[in-house]
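To start, the structure itself, in structure tokens.
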2 protein chains.
Amino acid sequence: MRDPPQPTPFGAHLRERREALRLTDRRFSVRQVAQRVGVQPSYLSKIERGEQPPPSEATVRALAAELGEDVDLLLALAGKVSTELQAIIRRRPQLFAELIRQLDEAPDHAVLRIVREVRDGSW
Amino acid sequence: MRDPPQPTPFGAHLRERREALRLTDRRFSVRQVAQRVGVQPSYLSKIERGEQPPPSEATVRALAAELGEDVDLLLALAGKVSTELQAIIRRRPQLFAELIRQLDEAPDHAVLRIVREVRDGSW
DNA sequence: GCATGTGTGTAGTAAGTAGTACACACTACA
DNA sequence: TGTAGTGTGTACTACTTACTACACACATGC
């Protein structure tokens, strides 16, 4: 049995989004998106069908821009975390490590409250 | 001119730490540490001198355990972020992305205050 | 009914990652 | 003075990442 490689969450999401855009704009074919993003159409096709794993961070970013998607969200679907965020963490690794582990169990609204607190400069 | 590959921060730190331990315990030679950590002595030697880039996360973890170092700190020196932390971030990528970017400019004590707040369950 | 566009199959590859295996020369010490 | 331990040089490699190049068969519109 030749296993038909099952779609990855990343690939499925990509295809869904692109097809949606394609309904109202024929510039969103596999070929044209691939060209604008800077990869071969066959490669993009394989990614969308999960025959290839998600591409590099740079390519994910280009895809996010092209499809109007949030970069952090799309990177997450690709199993990655932005190297920019990683750099921030690496500057104070123990501090951020403890914080992130704490927040793993906190509900969304609690994290959001903190984001707002920090943004409003309440320290 | 054959450039003598300059030491990486990771390698330098490793060597310093191991040599310090070696002063009071001869079990901390390159050979013996390498053996306990599960790599070739020549490989560890090259890493310490920066002739090889930092090793895999698994090996960094083994080294941290062996040398009594903080894992997150040593991973940071190796230019990495724990895959465990990355997994936490990927579960709520936009939330964590915004938080981390906000905190990039916050001073240590502000971040620490938040860590304590969260730990004390003040939400 | 023919050019143009579409998705996809096959084959290959350059560069990076994460090491191993073995030998050599030097040192300590008993 | 010889044996055990030390750090390091050389050479090699299996695996993964991140793609490219090209061809094919189908569909669509004018």
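Only heavy atoms go into these numbers, but all of them, side chains included; no hydrogens, no water, no symmetry mates. So that the names make sense, note that chain A is the first sequence line, chain B the second, and so on, each numbered from 1.
- Contact check of residues 84-91 of chain A against DNA chain C (heavy atom, cut-off under 4.0 Å) returns no residues at all.
- Contact between the side-chain N/O atoms of A:Arg49 and the OP1/OP2 oxygens of C:dG7 is not found at any separation under 4.0 Å.
- Looking at residues two or more places apart in sequence or on another chain, you find a salt bridge (charged side-chain N to carboxylate O under 4.0 Å, His left out) between A:Arg101 and B:Asp72, B:Glu84.
- With sequence neighbours excluded, the residues that form a side chain to side chain contact (heavy atoms under 4.5 Å, CB included) with B:Val71 are B:Arg61, B:Ala64, B:Leu75.
- Every side chain to side chain contact (heavy atoms under 4.5 Å, CB included) that A:Ala76 has, sequence neighbours left out, goes to B:Arg90, B:Pro93.
- Distance A:Leu44 CG to C:dG7 C1': 10 Å, rounded to the nearest Å.
- Applying the side chain to side chain contact (heavy atoms under 4.5 Å, CB included) rule to A:Gln40 yields the partners A:Ser42, A:Tyr43; only residues at least two apart in sequence or on another chain are considered.
- If you take CD1 of B:Ile47 and P of C:dT17, they are 13 Å apart, rounded to a whole angstrom.
- Judged as a salt bridge (charged side-chain N to carboxylate O under 4.0 Å, His left out), and not counting sequence neighbours, B:Glu16 has no contacts.
- Contacts of residues 11-29 of chain B with DNA chain C (heavy atom under 4.0 Å): none.
- Here B:Leu44 contributes atom CG and B:Leu63 contributes atom CG; the two are 6.5 Å apart, rounded to the nearest 0.5 Å.
- Under the rule for a salt bridge (charged side-chain N to carboxylate O under 4.0 Å, His left out), the partners of A:Asp104 that lie at least two apart in sequence or sit in another chain are B:Arg91.
- As a member of the Ile/Leu/Val/Met/Phe/Trp/Tyr network built from side-chain separations under 4.5 Å, A:Leu73 groups with nothing else and remains a singleton.
- For B:Gln86, the side chain to side chain donor-acceptor pair (under 3.5 Å) criterion is met by no residue, not counting sequence neighbours.
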**Complete:** Per-nucleotide protein contact along nucleotides 12-30 of chain D, 5' to 3', at a 4.0 Å heavy-atom cut-off (B base, S sugar-phosphate only, - neither), is ------SBBBB--------
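- Taking A:Arg27 as the reference, A:Asp25, A:Gln32, A:Arg36 meet the side chain to side chain contact (heavy atoms under 4.5 Å, CB included) condition, with sequence neighbours excluded.
- A straight line from CD of B:Gln35 to P of D:dG5 spans 11 Å, rounded to a whole angstrom.
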